[in-house]
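The structure appears right after this line, and notes come after that.
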Amino acid sequence: MKNVAVFGAGRIGRIHATNLASLPGVNLQFICDPFGDSASQLSQQLGAQVSTIDAVLADPSIDVVAITSPTSTHSDLITRAAAAGKHIFCEKPVDLSVPRAIACGEAVKAAGVACMIGFQRRFDPTFNEARTRMDRGDIGNPEMLIITSRDPGAPPAEYIKASGGIFRDMLIHDLDVFRWILCADGDEAEWLSASGSVLTDPAIAELGDFDSTAVTIRTKKGRLCQINTSRRAAYGYDQRFEVLGSAGMLQCGNQTPSQVIQWDANGISSDKPEPFFLQRYAAAYKLELAHFFECLQTGAPFRTTVADGVKAQILADAASESALSGEPVRF
């Protein structure tokens, strides 16, 4: 039985805490959040206790901490948890600063603890099935990846201010998918070009950010990736990709509330995509935590590491630099 504490009782914290409470072999013991009402409400709901980060890190009975607090706190909490000998699950990103993210990896290694970063898309059953088919050679050598990633609407201005911008906040998931799909054999990005526009809300421009972007990446082996993103999709949460290989193609479409397609005299209709990431990746969030504890038990490597977080952050920084300068970035 692993005793676990969760740092952060916000939206993503509630998802992870709820999933942790349902996992066999896991005892969700503490929830910590500076907003006491949020921690108290979630603790009562899940049968946990409210505590503080300092108390949890000093408690030898706690084996694992799940860091689901705001991005600005991640690197400090990873470093402190590692020094306290706790195994760590941390939501993306490691840190908005690449040097600080690298330092986190060094701290984790020096402490001899395990740390997994929550890039949940690698655990989505549909996306993971595509990777499985690629690995067994169903489409030959992968050559091109096209990713579509569109939110139903922009987050609040206060969130955007602290997010690091659309490339570091939203596209970091897509950049990780790029590496997961096209760089599985050790290939990496060699060249990146990005552009951005403000098409959905002029207030986003006032914050120095974009709401619509296009990114092209070429790898050292010449593979190509195109990523298109938008903060506005009137029809729901749009998450798709297709990968073209030498012997075929794999397409991963959206999830919908049902798979029913209605045919009648008025036409053909189906459900819109799921409304947002909470619904779209509900299974992925459960599966990534199950993977985390399975790897703790068996000693197998995590599917997503601090090193993956660092490399995705480097790509996000490069995309932001390219979009602002109008020039491509070479690695």
Is the backbone of Arg14 close enough, under 3.5 Å, to the side chain of Thr18 for a donor and an acceptor to pair up by distance?
-> yes
Yes or no on side chain to side chain donor-acceptor pair (under 3.5 Å) for Thr305 and Asp308, after CA distance, side-chain angles and deciding distance?
-> CA-CA 5 Å; Thr305 64; Asp308 292 314; 3.2 Å; yes
Under the side-chain hydrogen bond (donor to acceptor under 3.5 Å, both in side chains) test, residues paired with Asp209 that sit two or more places apart | none
Do Arg280 side-chain atoms and Tyr237 backbone N/O form a donor-acceptor pair below 3.5 Å?
-> no
Nearest-0.5 Å distance, CD of residue Gln41 to CG of residue Asp33 | 11.5 Å
Please round to the nearest 0.5 Å and tell me the distance separating atom CG of Asp264 and atom CD of Gln262.
-> 4.5 Å
Under 3.5 Å, side chain of Ser40 to main-chain N/O of Gly36, donor-acceptor pair present?
-> no
Just by modelled atom types, is the Phe276 backbone N or O under 3.5 Å from a matching donor or acceptor in the Gln279 side chain?
-> yes
Going through the checks in order, is the salt bridge (charged side-chain N to carboxylate O under 4.0 Å, His left out) test met by Asp176 and Arg121?
-> CA-CA 9 Å; Asp176 180 67; Arg121 294 185 191 181; over 6 Å; no
Would you please say whether a donor-acceptor pair under 3.5 Å links the side chains of Thr200 and Asp211?
-> yes
Is Phe89 close to Phe293 at the side-chain level, that is, under 4.5 Å between some pair of heavy atoms?
-> no
What are the two closest non-hydrogen atoms of Asp95 and Ser75, and how far apart are they?
-> OD2-OG, 2.7 Å
NZ of Lys272: more than 12 outside heavy atoms within 6.0 angstrom?
-> no
Does Phe30 belong to the same Ile/Leu/Val/Met/Phe/Trp/Tyr cluster as Val6, with side-chain heavy atoms less than 4.5 Å apart forming each link?
-> no
Considering all heavy atoms, the nearest Ala154-Ile204 contact | CB-CD1, 3.8 Å
For residues Ala66 and Leu20, report the shortest heavy-atom separation together with the two atoms involved.
-> CB-CD1, 4.1 Å
Shortest non-hydrogen separation from Gly196 to Ala323 and the atoms involved = N-CB, 4.2 Å
Just wondering, more than 12 heavy atoms not from Asp135 lying within 6.0 Å of its CG?
-> yes
With a 4.5 Å heavy-atom cut-off, do Pro257 and Glu274 have their side chains touching?
-> yes
How about Ile67 and Glu91: do any of their side-chain heavy atoms sit closer than 4.5 Å?
-> no
Do the side chain of His87 and the main chain of Ala114 share a donor and acceptor less than 3.5 angstrom apart?
-> yes
With Ser149 as reference, evaluate His173, Gln239, Arg240 under the side-chain contact (heavy atoms from CB on, under 4.5 Å) test and give the passing residue.
-> Gln239
Rounded to the nearest 0.5 Å, how far does SG of Cys104 lie from CD1 of Ile117?
-> 8.0 Å
Carboxylate-amine/guanidinium proximity below 4.0 Å for Lys109 and Glu106 = no
In terms of heavy-atom contacts, Ile217 and Val215 come closest through CG1-CG1, 3.9 Å
Do Arg150 and Asn228 have side-chain N/O donor and acceptor atoms under 3.5 Å apart?
-> yes
Can you check side-chain contact (heavy atoms from CB on, under 4.5 Å) on Gln255 and Asp124, steps first, answer last?
-> CA-CA 11 Å; Gln255 288 187 358; Asp124 174 74; 3.6 Å; yes
So does Phe35 have more than 12 non-hydrogen atoms from other groups sitting under 6.0 Å from CZ?
-> no
Measure the shortest side-chain to side-chain distance between Glu288 and Met116 over non-hydrogen atoms and say whether it is less than 4.5 angstrom.
-> yes
Residue pair Asp54 / Thr52, side-chain donor-acceptor N/O under 3.5 Å = no
With a 4.5 Å heavy-atom cut-off, do Phe292 and Val64 have their side chains touching?
-> yes
Given side-chain contact (heavy atoms from CB on, under 4.5 Å), test Cys90 with Leu77 step by step and report yes or no.
-> CA-CA 9 Å; Cys90 183; Leu77 291 177; over 6 Å; no
Is there a donor-acceptor pair closer than 3.5 Å between any side-chain N or O of Ser197 and the backbone N or O of Leu199?
-> no
So how far is it from Leu145 CG to Ile181 CD1, rounded to the nearest 0.5 Å?
-> 6.5 Å
Look at the side-chain heavy atoms of Ile, Leu, Val, Met, Phe, Trp and Tyr, link any pair under 4.5 Å apart, and say whether Leu224 and Leu250 land in one connected group.
-> no
Do the side chain of Thr219 and the main chain of Arg223 share a donor and acceptor less than 3.5 angstrom apart?
-> yes
What orientation do Phe167 and Phe210 show, parallel under 30°, tilted 30 to 60°, or perpendicular over 60°?
-> perpendicular
Over 12 non-hydrogen atoms of neighbours within 6.0 angstrom of CZ in Arg136 | yes
If we ignore angles and hydrogens, is there a donor and acceptor under 3.5 Å between the side chains of Thr148 and Asp238?
-> no
Working to the nearest 0.5 Å, report the span between CD1 of Ile12 and NZ of Lys92.
-> 9.0 Å
Would you confirm whether Ser320, through its side chain, and Ala316, through its main-chain N or O, come within 3.5 Å as a donor-acceptor pair?
-> no
Quick one: sort the Phe123 and His291 rings into parallel, tilted or perpendicular, breaks at 30° and 60°.
-> tilted
Do NZ/NE/NH1/NH2 and the carboxylate oxygens of Lys221 and Asp185 come within less than 4.0 Å?
-> yes
For the residue pair Ile172 and Gln313, establish whether any side-chain heavy-atom pair is separated by less than 4.5 Å.
-> yes
Verdict with supporting geometry, Ser246 and Asn141, side chain to side chain donor-acceptor pair (under 3.5 Å) = CA-CA 5 Å; Ser246 58; Asn141 182 43; 5.6 Å; no
Closest approach of Pro125 and Leu287, non-hydrogen atoms and distance?
-> CG-CD1, 3.9 Å
Could you state whether Leu28 and Leu289 fall into the same hydrophobic cluster, counting links through intermediate Ile, Leu, Val, Met, Phe, Trp or Tyr residues with side-chain heavy atoms under 4.5 angstrom apart?
-> yes
Side chains of Thr216 and Trp191: closer than 4.5 Å at any heavy-atom pair?
-> yes
Ser163 and Asp169 side chains, donor-acceptor separation under 3.5 Å | no
Side-chain touch Arg131/Trp180, heavy atoms, less than 4.5 angstrom = yes
Any chain of hydrophobic side-chain contacts (each under 4.5 Å) joining Val50 to Leu57?
-> no
Output for pair (Gln29 CD, Ser61 OG), nearest 0.5 Å, gives 4.5 Å
Would a hydrophobic clustering, with Ile, Leu, Val, Met, Phe, Trp and Tyr connected at side-chain separations under 4.5 Å, put Ile102 with Leu175?
-> yes
Report the residues that fulfil side-chain hydrogen bond (donor to acceptor under 3.5 Å, both in side chains) with Thr256, sequence neighbours left out, ordered by chain and then residue number.
-> Gln259
Any donor-acceptor pair under 3.5 Å from Asp187 side chain to Lys220 backbone | yes
Where the side chain of Arg179 meets the backbone of Lys311, is there a donor-acceptor pair that is under 3.5 Å apart?
-> no
